[in-house]
Amino acid sequence: MTKPTTLSFASPTGAAADGIAVVFAEEGPKLTPAAQDLDKKTKGLLRQAAKIAGFKGKQGTSVDVLAPQGVKFARIVLVGLGKLKDYANDDWLNFGGAVRGKLTGREGDTAHVYLETAKDDITPEDVASFALGAQLRNYTFDKYKSKKPTKNDDDKSLKRLVIHCADPRAAGRAYTPERAILDGVNFARDLVNEPANVLNPAEFAARAKTLTKAGVQVTVLSEAQMKRLGMGALLAVGQGSENTSHVAVMQWKGGGQKGGDPIAIVGKGVTFDTGGISLKPAAGMEDMKGDMGGAGCVAGLMLALAERKAKVNVVGVIGLVENMPSGTATRPGDVVESMSGTTIEVLNTDAEGRMVLADCLWYAQEKFKPKAVINLADAHGAVMVALGKLHAGLFSNNDELSEQLTAAGKETGETLWRLPLGPKYDKLIDSKVADIKNTGGRWGGSISAAQFLQRFIKPDTPWAHLDIAGTAMASEPTEVNRSWGSGFGVRLLDRFIRDQYERR
């Protein structure tokens with residue numbers, strides 16, 4: 001799949017051979033020292049090219065010089081830094097992705113990026129964020145392309161990225177945890193991008209088990225075990241499929257005994273959603289291979305926490321099912337009993353994710369007594385009508401938790417927007433024949449879904465529901481993601497955990 005690009009850090013005066021040089025200019029344009037040096041060696045070629053192109057150093061704009069005389073580089077890219085005082089939050093991350101997007105490797109297999117300013121005021125953390133953005137942008141999913149690249153094609157890929165900065169050792173230390181985030185995001189992306197005939201519930205559970213190599217404790221519950229636990233809501237979703245359902249439980253115990261009770265992160269893992277008997281329209285149904293984006297995020301997060309040895313206790317619980325129509329499928333009008341004992345009237349078998357999460361949420365609370373619970377799901381298309389694909393929906397019973405998650409979203413660029421909950425909305429899911437029904441009707445669909453989930457949260461437990469429909473799959477292209485599966489939520493939740501719960 002992704003062709004690996006080796007990343008390293010070096011001093012600004014580090015030796016560089018042929019390949020590609022990336023240098024910068026602040027708004028003006030005001031060339032940075034490395035850019036001035038190359039301009040001098042090429043007898044003013046960079047300034048001349050900038051003048052002809054009307055380049056002013058605005059952020060992200062660039063000028064290309066091919067085969068410049070006086071230097072060994074096959075290509076020089078002059079990139080605008082803009083005004084550094086305007087940089088905030090995830091700007092360095094996105095800038096790294098934007099720069100990486102300009103590099104193809106056709107002019108050489110190594111790119112030297114001279115990341116500096118005139119005042120040398122880029123911190124090691126900024127450099128690490130830039131590096132993470134560049135590596136996130138490098139992701140591709142071409143596993144099923146039968147046409148293999150020729151040797152010559154392969155030689156034209158970018159194999160090395162060297163970032164020259166003021167303090168390469170400090171930058172390397174700052175990047176170490178970011179490398180773990182990269183692995184976690186890409187793990188989630190791989191899961192979401194896989195076709196459903198490959199990634200069925202059993203295969204997803206098997207991939208979750210690979211996290212044991214990183215130190216995560218993984219247990220997979222079988223259907224027999226779930227029946228004994230009373231997970232009737234989850235099992236009802238998968239009973240129409242030939243593929244058996246599973247629950248994967250992943251524990252990272254980096255906080256030890258001093259870390260106390262864990263944070264529970266729960267994910268919806270519907271590996272394919274036809275809608276069941278309430279069959280979806282054919283158009284666009286192929287996208288339902290990604291209806292496990294919540295579970296993919298949880299798995300990716302657990303990998304990231306383990307790889308960076310996070311000093312925190314976290315448990316990830318993912319419900320893995322396939323929702324198919326058949327003679328054994330749940331019918332509209334059926335009544336099932338959840339693990340909590342709450343009975344559910346199934347009015348629409350396409351409102352299935354909340355039923356999967358209901359049992360997983362209850363299991364996580366009963367088993368682990370978490371200090372907070374967060375669940376993620378590609379839950380409802382209605383949230384995209386409200387928010388588009390730029391924000392995920394946030395529902396919570398706790399203002400402090402909601403504010404903490406929102407802040408983490410702003411820091412990482414994986415932004416959230418809080419939507420309402422309340423008793424009047426709760427009445428939408430009251431049933432005449434059972435305790436609750438699994439849909440509240442057309443209006444406020446994402447809200448009634450959240451109200452349904454809240455019924456399975458114990459009193460005084462801080463809880464948040466993230467509706468990631470539109471952000472985890474088929475998301476808008478960004479500077480750091482060109483993949484159909486974005487890995488949304490891994491960076492957000494890692495930042496949240498790092499800021500709020502990790503033992504210092």
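Residue numbers count from 1 along this sequence. Please read these numbers as outputs of a predicted model, since none were measured by experiment.
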> Per the side chain to side chain contact (heavy atoms under 4.5 Å, CB included) rule, which among Q135, R491, E307 passes with L182?
Replying inline: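 Among Q135, R491, E307, the one that satisfies the side chain to side chain contact (heavy atoms under 4.5 Å, CB included) with L182 is Q135.
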
> Checking side chain to side chain contact (heavy atoms under 4.5 Å, CB included) against V490, which of T412, V298, V185, N186 comes through?
Replying inline: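 In the set T412, V298, V185, N186, the residue that makes a side chain to side chain contact (heavy atoms under 4.5 Å, CB included) with V490 is V185.
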
Between the main-chain N or O of [Y] and the side-chain N or O of [X], is there a donor-acceptor pair closer than 3.5 Å?
{"X": "S475", "Y": "A472", "answer": "no"}
{"X": "R100", "Y": "L103", "answer": "yes"}
{"X": "S245", "Y": "Q239", "answer": "no"}
{"X": "E178", "Y": "A131", "answer": "no"}
{"X": "K437", "Y": "E345", "answer": "no"}
{"X": "T471", "Y": "I468", "answer": "yes"}
{"X": "T349", "Y": "I277", "answer": "yes"}
{"X": "N397", "Y": "W463", "answer": "yes"}
{"X": "N243", "Y": "P201", "answer": "no"}
{"X": "Q225", "Y": "S222", "answer": "yes"}

> Can you list the steps and then say if R308 with D494 is a side chain to side chain contact (heavy atoms under 4.5 Å, CB included)?
Replying inline: CA-CA 10 Å; R308 70 175 184 83; D494 178 83; 2.8 Å; yes

Are [X] and [Y] within salt-bridge range, i.e. N to O under 4.0 Å?
{"X": "R331", "Y": "D334", "value": "yes"}
{"X": "E414", "Y": "R495", "value": "no"}
{"X": "K268", "Y": "D467", "value": "no"}
{"X": "E194", "Y": "K289", "value": "no"}

>> Apply side-chain hydrogen bond (donor to acceptor under 3.5 Å, both in side chains) to residues D126 and T123 and explain how you reach the verdict.
In response: CA-CA 5 Å; D126 293 336; T123 68; 3.1 Å; yes

>> Under the criterion side chain to side chain contact (heavy atoms under 4.5 Å, CB included), I'd like the reasoning laid out for D291 against N323: C-alpha separation, chi angles, the key distance, then a yes or no.
In response: CA-CA 10 Å; D291 207 22; N323 188 21; over 6 Å; no

Can you give me the closest heavy-atom contact between [X] and [Y], atom names plus distance?
{"X": "V266", "Y": "C360", "value": "CG1-CB, 3.6 Å"}
{"X": "F452", "Y": "A358", "value": "CE2-CB, 4.1 Å"}
{"X": "L136", "Y": "R189", "value": "O-NH1, 3.0 Å"}

> Does K309 make a cation-pi contact with W252, if we ask for NZ or CZ under 6.0 Å from the ring centre and within 45° of the axis?
Replying inline: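 No, cation not above the ring by the 6.0 Å, 45° rule.
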
> Can M355 and T330 be said to form a side chain to side chain contact (heavy atoms under 4.5 Å, CB included), step by step?
Replying inline: CA-CA 12 Å; M355 296 177 65; T330 297; 5.9 Å; no

> In terms of side-chain heavy atoms, does D190 have a donor or acceptor partner in Y139 at a distance below 3.5 Å?
Replying inline: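 Y139 and D190 do have a side-chain donor-acceptor pair below 3.5 Å.
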
>> Looking only at side-chain N and O atoms, does N438 offer a donor or acceptor that is under 3.5 Å from a partner on R354?
In response: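 No, N438 and R354 have no side-chain donor paired with an acceptor closer than 3.5 Å.
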
> What is the ring orientation for F95 with W92, classed by angle as parallel under 30°, tilted 30 to 60°, or perpendicular over 60°?
Replying inline: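 The arrangement is perpendicular - the two ring planes meet at more than 60°.
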
>> side-chain hydrogen bond (donor to acceptor under 3.5 Å, both in side chains) for T342 and D435? Distances and angles first, verdict last.
In response: CA-CA 6 Å; T342 301; D435 296 328; 4.8 Å; no

>> Can you confirm whether more than 12 heavy atoms, excluding those of K280, are under 6.0 Å from its NZ atom?
In response: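 Yes, the 6.0 Å shell around NZ holds more than 12 heavy atoms from other groups.
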
